[in-house]
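Residue indices begin at 1 and follow the sequence shown.
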Amino acid sequence: MSEIRAIRGMNDILPDETVTWRYLESTVASVLGSYGYGEIRMPIVEQTDLFKRSIGEVTDIVEKEMYTFPDRNGESLTLRPEGTAGCVRAAIQNGLLNTPRRLWYCGPMFRYERPQKGRQRQFHQIGVESFGIATPDMDAEVILMSARLWQRLGIADNVRLELNSIGSSQSRSAYREALVGYLRARFDELDEDSQRRMDSNPLRILDSKNPQTQSLLDGAPSLADYLDESSAADFARLRELLDAAGVSYRVNPRLVRGLDYYNNTVFEWVTESLGAQGTVCAGGRYDGLVEQLGGKPVPGVGFAMGVERLTLLLEAVGVQPPAPPEADIYLVSFGPAAECAALVAGENLRELFPGLRIVQHAGGGSFKSQMKKADRSGARIALIWGEDEVAAGNVTLKHLRDDSAEGRPGQLTVAAAELAQTLAGLLADGNQ
Ligand code: ATP
Ligand code: MG
């Protein structure tokens, strides 16, 4: 029969890779925990309207990247393309927004994009959302938190921070007019994508990747000159706080982000080490979003990082968390009675040494082939039950790694009743 393959752009994450994933996830959980953030888990599927209303109808995501399908009852559902919308929906629905609330989440997101390095159709984000505080100290907090994370992961030297303020929606519409006025006069020189965006979402033209469009923008009006007073003051304060904390950044006046819900602060962490897919983390402030989704007017700020891109970066930089061996202890047995003794002893040992990886040989086979498997497992010790051992109520411990320098016998046979104690002694020795 023909082989069934995974969906294009949706990858398996194999045991070799999950070591890095776990390292990343546990480091993130620890750093976010140290700032008082609590974890939330939302459904993967939501009503399509949730994303249309929050991300915006005229965005790449909603226009062409969503996995949307009718439920059996005809309702339109969508596989979440990002986490903020669902997190806001969940926070409103569950009454979490009566006090300031710091949340984080982690999980798969889905976007129909052209798969390439650092770009999948199912990818994973770790996201952070902080609700209820509109002042720039909170923007500073989430940025500092991400900076600490790079430090802890060992990639701080490989990412840099780009920062901008896109102001209030009033200042943006004044700017939009000025920008459109400037670009309209040069319409023919724009790339096709930018021409298309002129009417729908002209601010997105600012982050066009087209070099000719970019040089055309050199003479364009600057968003910074259109900021309202309070947005400008908040941005100045944020920069002051970042300076005080020693976080360096580049103000990029063309950074606008591709989602409609942002206002004031927007930022991206970018790396040069991953080619075109260089943004590993992106976020900003979204003070109108909660209200837009039917909640009270509660401000928010947050970011999301791409887990695949971060694991690629860890790899590129050579940060490699140590992979544990498949086993610490491998249980070998020969014959039905021995198999039974080994099985029972294995359960007992897992009870007594919950941190150890105790792998039971399964499927029978000769003593020699079992020992070969024991060796390949990476275990330090094999525990052996042969017919002789079982008849005498014993078990044999064999050291599989070369530690003769420590003067240990290669193997010793002990009474089954003393196994746990002997093992505890050996393991304590081995850890010195
Ligand atoms: P890009 O410009 O690379 O398409 P984006 O602006 O669409 O990114 P966001 O919606 O801000 O991305 O998502 C935050 C982060 O999630 C990105 O910075 C990136 O690290 C990651 N990300 C987004 N889309 C993908 C994808 N298709 N595959 C892998 N990671 C992704
Ligand atoms: Mg995108």
Does [X] use its side chain to pair, donor to acceptor, with the backbone of [Y] at less than 3.5 Å?
X	Y	answer
S76	P70	no
R53	Q292	yes
N94	L96	no

Please indicate whether [X] has more than 12 foreign heavy atoms, meaning atoms of other residues, nucleotides or ligands, lying under 6.0 Å from its [atom1].
X	atom1	value
E192	CD	no
R41	CZ	no
E63	CD	yes
Y249	OH	yes
K64	NZ	yes
R148	CZ	no
Q116	CD	yes

Is any side-chain heavy atom of [X] closer than 4.5 Å to a side-chain heavy atom of [Y]?
X	Y	result
L242	L163	yes
L183	P202	no
D193	S208	no
P136	T265	no
Q277	E308	no

Check this for me: does any side-chain nitrogen of one of [X] and [Y] sit under 4.0 Å from a carboxylate oxygen of the other?
X	Y	value
R254	D218	yes
R111	E82	no
R237	D234	no
D60	R197	yes

What's the separation between atom [atom1] in [X] and atom [atom2] in [Y], rounded to the nearest 0.5 Å?
X	Y	atom1	atom2	answer
M145	S34	CE	OG	8.5 Å
M198	F187	CE	CZ	5.5 Å
L349	L356	CG	CG	8.5 Å
R285	S165	CZ	OG	10.5 Å
I126	M305	CD1	CE	4.5 Å

Closest contact, heavy atoms only, R257 versus R204
O-CD, 3.6 Å

What are the two closest heavy atoms between V270 and T279, and how far apart are they?
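Looking at all heavy atoms of both residues, the shortest contact is CG1-OG1, 3.5 Å.
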
Report yes or no: is the cationic atom of R186 (NZ for Lys, CZ for Arg) closer than 6.0 Å to the six-membered ring centre of Y182, at no more than 45° off its axis?
yes

Could R172 and Y226 be counted as a cation-pi pair, given that NZ or CZ must be under 6.0 Å from the ring centre and within 45° of the axis?
no

[X]-[Y] side chain donor-acceptor pair, cut-off 3.5 Å:
X	Y	answer
D137	T135	yes
D225	S222	no
T271	N158	no

Step by step, work out the salt bridge (Lys or Arg N to Asp or Glu O under 4.0 Å) result for R184 and D199.
CA-CA 10 Å; R184 184 86 59 209; D199 292 317; 3.3 Å; yes

Given R102, which partner from the list E39, E129, E141 fulfils the salt bridge (Lys or Arg N to Asp or Glu O under 4.0 Å) test?
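Running salt bridge (Lys or Arg N to Asp or Glu O under 4.0 Å) over E39, E129, E141 with R102 returns exactly one hit, E141.
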
Show which side-chain atoms of residues 321-332 pair as donor or acceptor with protein atoms under 3.5 Å away, not counting sequence neighbours.
unit_1, atom_1, unit_2, atom_2, d
D328, OD2, R357, N, 2.7
Y330, OH, H361, ND1, 2.9

Can you list every pair that meets side-chain hydrogen bond (donor to acceptor under 3.5 Å, both in side chains) and has a residue in residues 10-33, with sequence neighbours left out?
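Residue pairs with at least one partner in residues 10-33: S30-R152.
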
